[in-house]
Each structure stands twice: as C-alpha cells, then as structure tokens.
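Inspection log for the structure reproduced underneath, given as structure tokens.
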Amino acid sequence: MKDRYDFAECEPKWQKIWEDTGLHKVTDSDQTREKYYCLEMFPYPSGNLHMGHVRNYSIGDVVARFKTMQGFNVLHPMGWDAFGLPAENAAIKHGIHPYQWTESNIENMRMQLSRLGFSYDWDGQVTTCKPDYYKWTQWLFLQFYKAGLAYKKHAAVNWCPDCVTVLANEQVVNGACERCSTEVVKKDLAQWFLKITDYAQRLLDDIDKLQGWPDKVKIMQENWIGRSDGAEVNFRIDGTEETITVFTTRPDTIYGVTFMVLAPELPLVEKLTRGTPYEGAVQDFIRKMQTVSEIDRTSADTEKEGLFIGQHVINPMNGEKIPLFIANYVLMDYGTGCVMGVPAHDQRDFDFATKYGLQIRVVILPDGVPDKYVQLTQAYDAEGVMVNSGPFDGQNNEDAMKNITKYMEERGTGKPTVNFRLRDWLISRQRYWGAPIPVVYCDKCGEVAVPDDQLPVYLPTDVEFKPTGQSPLAECESFVNTTCPECGGPAKRETDTMDTFICSSWYYIRYCSPHDDRNAFTKSKVDYWMPVEQYIGGVEHAILHLLYSRFFTKVLKDQGLIDFDEPFTNLLTQGMVLKDGAKMSKSKGNTVSPEETVSQYGADTARLFILFAAPPERDLEWSDAGVEGAYRFLNRVWRLVYAYIDGLNESSGEEEITAADHETRRLTHYTIKKVTDDINLRFNFNTAISAIMEFVNGLYQYRDKNPVRNSAVEAEAVNTLVTLLAPFTPHIAEELWHQLGYTESVHKRSWPTYDPAALVQDEVEIVVQINGKVRDRMMMPAGFDKEAMVQYALDREGVQNLVAGKQVVKVVGVPNKLVNIVIK
RNA sequence: GCCGAAGUGGCGGAACUGGCAGACGCAUACGAUUCAAAAUCGUACGGGAAACCAUGGGGGUUCGAGUCCCCCCUUCGGCACCA
C-alpha cells in the first residue's frame, strides 16, 4: 500500500475520468424523475478564484452530490457574470479588449474550479457577455418595455465620478459607490428605469412565501421596500387655487401643523419664488445645498437649516395660514417632497421650530395631563388624547387618525395613502461593457424598440476606451447611426448599456435550457427545473441581486412566460472567510490563495477544512494549522482503509458476533443517521464531518483492540465510511472505492440508509444526581422501568451514604437518562 | 437612533426537544517508535490543593438552564432627517 494519499496524482486522474465518462452530465429527458436544482451565485470573472468562492462552491457541491446520491435528478450549473466595469478599466489601463480580458479570465477560473473537483456540467455554462446570452437580456428588456415597465425619464440620479457612470439606489452605500467607495454626487440626466415600484406590494407580501429564507434577509428586504401607511393631505397655496400635497403617517396631528417644509430641489420652489423678493435668497440656499455632500445632507446629525420663502398655505381642517419653508432635512424623493411641520409631535419638526422660533402647538396629550401644564422639551410622539383639534378633541389619537382621514376624504382634501421607500430601478450605465439597451431614436417616430428579429444589438468591437463620462458607444459612429425600424429613415441608437444586475436577474432561468437559440428559455424545461430548490451565496446580495431576481420572476409570470412567482425556494447565505479576524483582501495583505492551498494539500483537503471549520452561515476564520489537520485526517482515513484491504484475508473471523462487532455496527449506522440529518436538515457540514471523524476513531479502536473481527461488520463500516465521504472529498473517496475493488463510481452509489434496529443500545448509562449535581452513574438495560430505576438508584450504596441523615424531598426520574434526588 | 445576529477553554467550534458543558479539530506537554528527525501511535489538556467555581454581566422560572423569561454590557451586520 501507499502510506500516503497522493492527491497530486489522484485528483487530476479522477477529474479527467469524470469528465470523459460524463459523470456530471445533466439530463432532463425523463421528467418524471424528481428534480433538485442546486444553484450557487455565479462569479464575476475577475481572473482568480478567492476563498469566498471556494467556500460557496464547496457548500453547493456537497448539496448537489448528496442529492444526486439520494436519487434526485440534480441540476448544478455554473456560469459567468461577465459584463462589468473591471474589464473596461483593464481596457483603459492596459489596452486589452474587455472581451479578451474576460475570456482569458474565464478560462483561468474555469480551470481553477475544475481543479477543485466541483460537479458542474460545463456543457451548460452560461456567459452573460456573449451575444447568445445578451440577445435574450435585450429581448427581456423589450418585454418590460412593451409592458410599460421600462421607461426613460429625466431625473437627479446618483453619479459615481470614479466609475464615470450612474448607479441604482441599491448600489449607493452610505452615500458612496458600492464598488469603489467613491462619494456619489447627484447629476441631472435622462435615464432608463424599470418600474420595480409597481411590484413593491407584491415583493413585500410574497416575503411570507419564502419559508426557506433566513429571517435576516427577509427583514432586510422588508426594510428596503419600506412600506408606510398614512394619508395624503392637500394644502391650498394662499392666494391661489393651487395645492401642495403632503404625505404624512400622522394625520391625527394635523391641527398641530404650524409650518410646512418643501425639499429645496422641488421645481415648485422656483416657481413660487420667481420674481419675488425671496428669489435671490432661495437661489442661494439651493446652490448651497448642492455643494453639501449627499452624506452630510442626509445625516440625522446634520443641523436643520431652512428658509421662509414668502408664501403661505391653508390648513384644510381649520383654515389657518401656515408659513412655507424650504429646508435641508426634507428629501426630494420620498413621499411628495413636502412635509407638514408638527413640532409638538415630531422631533425633527421640533428641532426646526425651536431654531426658527416657530409656534409649537400640542394636539395630543398623554392621558390625564391637563393642557396648560405641558411644557415640551422634546416632541411627544406617543399615544394620547386629542386636544386643540376642533371636533376631534377628547378622542383617542388612534381613532382620530382614522376619523380625520375619513373626514378629509369626504371633503376631498385628503385620502389614505401607502408610501414606499423603494425607488424605481435605474438601469442605464454610461459604459461600454454591458448589454446595449435595444432602443433607437428617430426624428420622425421618436423612441422605437428594436424589433425581435433585429436582436441582438451587437456591441461593436472597434471602440475607443476613454473614461469620458459618455459611453464609448456614443463616439462609435458605426454603432450610433442606424435606420429606424419603423420608417426606415436615419436614426440614432441608445448608447447606454444595462446595469449588470439585469444580466444576473435571469441567468438561473437560462441555465434550464442554455442552448436554446430561438428563445430566452425553453418553457417546458423551465417548468421542470424551476424554481431553484437551494440557492447559496453571500449575504451581500440580500437586497440587490435577490430583490431584482424576485422582481424579474414576477414580471415574467405576469407576462405569461413562466408559471412560478418566486425563483428561490431555499436560500443559504454563507459567512465570509476571514484571516486574522478580518475579511481577506488584497489591501490588507491577508489573502490565502486557493491555488496554493490546492497545490500544497489537494482539493479534498481544502474543501474538507473549509466545510469543517465553521457552520456555513457563520464567518470562518482561516487557519493553516486547521488545513494541516484536515490533511492529516484524510491520510488517517487512507491508512485505515488500506489496513483493511491488506488484511482482508488475514484476521477477519466470520462466526461469532462479539460485543465489539455489535458496537461497531451500531456506530456505522449511527454515523449514517447523523451525517444524513446534518446535511439534510441543517446544512451542518461541520458536525457531519466531526461525526465521520469519530467514526474513523472508533474503527481504529475496533482494529487495535480486536485481532479477530467480523468481516461483514468491518466491510460494511469501511464501505460506509468511503461513501459518506464522497460528497465532501470526492477524489479520495473515489480512489478508495476503486481500491476496495469496485468498478463503478462511488458517486453513482445510493446514499446509505440506516437500520433503526442497529441503533438500539442494550445498556445505557444512567446519571444519578443529588440536588442537580452528578454523584453516581449506573449501567441499566435500555428502556428500564422508571419506578424501578429510581428505586435502584436510591438503593445504591454511594447514594445511601450521601442521603443519610437528610430528608428526600423529591425524586425525578427520566428513563434512559438520569435520576435526580432532591434532599434537604 | 431603529432593526437583526452573535458572545462557551489558549484557538475554531459542539451540546438537535431544558437533563453529564467543552464532542470533533487545532495548539501545547509528556511518553512510545527511531541512531536521530519527520511521519505515526498513545496519554494529558477550563480554573482550583480541595469543597467547589465556570457558557458576556445581573436577576428570575425549574428537581435541573449555555438552552426559557426580564434587565444590562460588548462585538458584528443592515437601515438611518423616510415625514
């Protein structure tokens, strides 16, 4: 025997054999077979795999291999999220075309993935930057367009000066670009949006359907969508017939309104002040606001600042004249951009009113506190009884909220409204390396969708890469100038490309029929494979990718293209891989290269360590010593199996079943149960692996202490061990399986089932406690009668001594577990 | 500020329904093997001389609490002037 597992020889050997024999080929010819779609988030082809990928894909591979062995028809695909900025930046910096850069990165990463032995069917690989994919991305865009869910509008949008492009709301983190952390500025541009807000309510409601998602992610989505219930109220502008509508969640406080505030950027502000003495000051204020960064502007700590603009509005409830302000703390894009100021019951309004000496009028009092004694030092935002509120005085404010809204609705001055924090999804990007938006502009016909038979709108290859803030496409004459599909006249193409999150919002559907060149997907295949049973990826996509994908799915359902409305039944968000307590990153210099680890210890060792070191949802601390440990364990398995093979004809006796044989069989079946449950029920790969380790330790003891062993028991144990290891460490398991004399792949085996009868123990240890402290132990037949067990414990000599002279107050017996004697 | 998760040996972690806290692994020490080393195998390994004390801290429920309840602290993640 070889005394060491030669991974350098075995791993490539088996990878080749699996590839040649098509072990991981997906077939969907027999759709009566129960399917299991196991999906991991596809990577951006940066050029190198990092440990986060290894973790993500190792987890997925265990699930895929396990489900396959359990008899499911498993779809386990892989592909590339291949559009995006780094490729274009490389083009600018090194003069290499994004396509080439991306292609060679894909090639390298695919090789790295292959070396890890993941069970992908590479024939189904999907690459989003290829025309056979982005053609359908464009086609899907047009489905949105035709349904009125894609539109172009002029808006103040988030602009990242470093990436020289606009960003979606979801891509702005604390006022900075999600990619490069550069501070985001506002820019006025005409941009394409998808109407995700039309789906806000359904995206919110259907969170309830996501039983298999972590609560954390569901809560994050819920907060992001941010539904709030309230009312719209119309205030007439004094001296005109025009009204200003505000959104409020507290219509019960309307009698407490003493001022009104508009967001400075509202066009209405300019209109109201034009030609008035206030115009200059207002313009100055607006300009000043524009110089303040988004972060400072929206921070809760920023001091409130505002300006009276010379106009008043009329409170529709009591006809009062209310001064109109603009202020930094009112946001342009939430609600209507207007806020009714109720300083007594809103802290922000309170701060503002205090600073500018505005009236503070209490309209809600905590029960039993008379009006005249109230001296507010801060806003009162809790419940109470209405005062100073005309006909609503004396009502509980909760009731008044409904009654006032109803009253306004009857008089046409307001109505109940729901408002969402979610904004429409800005999908235009002023960059080259993305899917072109398939729209042309014709002088005669206006905005025209590119017809299906003219798709794809190819990305031209002969473009100049300069970070100008305009898409390189805009300077590519041959691309821009085209003919109008409607009238045949000269027309110009849209030069913005799509946000790459569009590409990744439907790739999981493309995987079901990756070669379909007539449709975005083959309906029958999607019907079979979707939805995804298990999705695995990092929690950083909790909002962006996962929300967008849910949105896409719902739109496709509404268009009658698919029959399900949630794409991912179960979601596992894996933790980060840390080194020295921090996330691995080049800038911190604490990275560990998967390539080096694989060269040094092999793929099986790398996978085993990463699965063993922590449960999947938690962060994982990298440890080189831990990797050594995993390597040692695999060699320990290797030697154990070889010792068995070498001794096959020597010391195995057939005749008797000894206690040790019996115990070994019990351990074998216990391990099957434990590993199966840990994978299936809880994804606790770490405890599954430790159970296998205990199994190995037990088998070593069995050998060491029993020169004569039952051959059937030993054979079952060894075969089981190798089979249980197969999903975790596929190469060594395959090698050992063949060394054991089998010719078919271990990965084609059925997952073992345990014999419940084998788990039954004849004798169990009973702990005897006195006042909850362990004082004695005794062996008893399993299932022994409770009363008899308690009596037996009380009769024990050691127990008698401890109890002597004390009063036994109570005795608790738990069959097969313990006896607790309470004494005084 | 609001929402969420987590705090267990020197370290990573285990304890599934309230029932022997620290499984499994790492590190460390000692021993065996060896001319020697590596590798391997074995033993020990929370603190304390002991009674006992120990799961972030303090209360509580219970015969019994890492696990359930209340209060507090710390760390990490998300949101953050959202009207």
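Computed from a predicted model, the values in this text were never measured in an experiment. FYI, side chains are in, hydrogens and waters are out, and symmetry mates aren't considered; it's all heavy atoms of this structure. Per chain, numbering begins at 1; letters A, B, ... match sequence-line order.
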For nucleotides 79-81 of chain B, tabulate all protein N/O to nucleotide N/O atom pairs closer than 3.5 Å, reporting atom names and distance.
unit_1, atom_1, unit_2, atom_2, d
B/C79, O3', A/R421, NH1, 3.1
B/A80, OP1, A/R421, NH1, 2.8
B/C81, OP1, A/T298, O, 2.6
B/C81, OP2, A/T298, O, 2.5
B/C81, O5', A/T298, O, 3.3
B/C81, O3', A/R348, NH1, 2.6
B/C81, O2', A/Y329, O, 3.0
B/C81, O2, A/K304, NZ, 2.3
B/C81, N3, A/K304, NZ, 3.1

Please tabulate, one pair per line, each protein N/O and nucleotide N/O from nucleotides 48-56 of chain B that are separated by under 3.5 Å, including the distance.
unit_1, atom_1, unit_2, atom_2, d
B/C52, OP1, A/R775, NH2, 3.1

All N/O contacts under 3.5 Å from nucleotides 39-41 of chain B to the protein, with atom names and distances to one decimal?
unit_1, atom_1, unit_2, atom_2, d
B/U40, O3', A/R639, NH2, 3.2
B/C41, OP1, A/R636, NH1, 2.7
B/C41, OP1, A/R639, NH2, 3.4

Kindly list each side-chain donor-acceptor pair under 3.5 angstrom involving residues 216-223 of chain A, sequence neighbours excluded, with atom names and distances?
unit_1, atom_1, unit_2, atom_2, d
A/K218, NZ, A/L210, O, 2.9
A/Q221, OE1, A/R550, NH1, 2.8
A/Q221, NE2, A/A542, O, 2.9
A/N223, ND2, A/I219, O, 3.4

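Nearest to the side-chain atoms of A/F247 among the listed nucleotides B/A83, B/C24, B/C20 stands B/A83. Of the candidates B/A23, B/A83, B/G19, B/A23 carries the atom nearest the A/S690 side chain, counting heavy atoms from C-beta on. Distance from the side chain of A/N820 is smallest for B/C63 among the nucleotides B/A83, B/G25, B/C63.
Residue-level contact check: A/V822 touches the backbone only, with heavy atoms under 4.0 Å from sugar-phosphate atoms and none from bases. Residue-level contact check: A/N697 touches the backbone only, with heavy atoms under 4.0 Å from sugar-phosphate atoms and none from bases. Residue A/S623 is out of contact with every strand shown, counting any heavy-atom pair closer than 4.0 Å. Among the heavy atoms of the strands lying under 4.0 Å from A/G629 are primed sugar atoms or P, OP1, OP2 only; no base atom is included. Within the nucleic acid shown, A/Q347 has no heavy atom closer than 4.0 Å to any nucleic acid atom. Residue contacts shown for A/V814 include a base, since a base heavy atom lies under 4.0 Å away.
In this entry the distance linking NZ of A/K810 with C1' of B/U62 reads 8 Å, nearest Å. Between A/Q769 atom CD and B/C63 atom P there is a gap of 14 Å when expressed in whole angstrom units. A straight line from CG of A/L608 to P of B/C24 spans 16 Å, rounded to a whole angstrom. When rounded to the nearest whole Å, the span between NZ of A/K216 and P of B/A6 equals 10 Å. In this structure, the NZ atom of A/K583 is 16 Å from the P atom of B/C76, given to the nearest Å. Between the CZ atom of A/R777 and the P atom of B/G19 there is a distance of 16 Å, given to the nearest Å. When the P atom of B/A83 is taken as reference, atom CZ of A/R227 falls 13 Å away, rounded to whole Å. Protein atom CG of A/D346 is 14 Å distant from nucleotide atom C1' of B/G1, rounded to whole Å.
No donor-acceptor pair closer than 3.5 Å links the side chain of A/N816 to the backbone N or O of A/A782. In this structure, A/N590 contributes its side chain and A/K579 its backbone to a donor-acceptor pair below 3.5 Å.
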*Treat a base pair as Watson-Crick or G-U wobble with both distances under 3.5 Å, then lay out RNA chain B in dot-bracket form, 5' to 3', with | for cross-strand pairs.*
(((((((..(((......[....))).(((((.......))))).((....))..(((((..]....))))))))))))....
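Taking atom P on both nucleotides, B/A50 is separated from B/G1 by 47 Å, rounded to a whole Å. Between B/U74 and B/A38, the distance separating the two P atoms is 48 Å to the nearest Å. Nucleotides B/U55 and B/A23 place their C1' atoms 15 Å apart, quoted to the nearest Å. Between B/G4 and B/C26, the distance separating the two P atoms is 39 Å to the nearest Å. Nucleotides B/C72 and B/C2 have their P atoms positioned 11 Å apart, rounded to a whole Å.
Contacts of A/H545 classified as ring pair (Phe, Tyr, Trp, His ring centres under 6.0 Å), with partners at least two apart in sequence or in another chain: A/Y535, A/H541. Listed by chain and number, the residues in a side chain to side chain donor-acceptor pair (under 3.5 Å) with A/R607 are A/D61 (sequence neighbours excluded). Contacts of A/D677 classified as side chain to side chain donor-acceptor pair (under 3.5 Å), with partners at least two apart in sequence or in another chain: A/K673. Listed by chain and number, the residues in a ring pair (Phe, Tyr, Trp, His ring centres under 6.0 Å) with A/Y754 amount to none (sequence neighbours excluded). With sequence neighbours left out, the side chain to side chain donor-acceptor pair (under 3.5 Å) criterion links A/E628 to A/Y601.
Atom CH2 in A/W638 sits 6.0 Å away from atom CD1 in A/I732 (nearest 0.5 Å).
For the residue pair A/N697/A/Q701, the side-chain donor-acceptor check at 3.5 Å is not satisfied. In this structure, a donor-acceptor pair under 3.5 Å is present between the side chains of A/E170 and A/W224. Between the side chains of A/D424 and A/T197, at least one donor-acceptor pair of N or O atoms lies under 3.5 Å.
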*List the steps and the verdict of salt bridge (charged side-chain N to carboxylate O under 4.0 Å, His left out) for A/K355 and A/E303.*
CA-CA 10 Å; A/K355 176 165 175 180; A/E303 193 176 329; 2.9 Å; yes
_Output one letter per nucleotide in nucleotides 11-16 of chain B: B when a protein non-hydrogen atom lies under 4.0 Å from the base, S when only the sugar-phosphate is that close, - when neither is._
-BSSSB
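Pairs passing the ring pair (Phe, Tyr, Trp, His ring centres under 6.0 Å) check and including a residue from residues 324-346 of chain A, sequence neighbours excluded, read A/F308-A/F325, A/F325-A/F352, A/Y329-A/F352.
Ion pairing between A/K288 and A/E305 holds under the 4.0 Å rule for side-chain N and carboxylate O.
Across the interface with RNA chain B, nearest-nucleotide mapping of A/I219 and A/V539 shows A/I219 to be the residue nearer the 5′ end.
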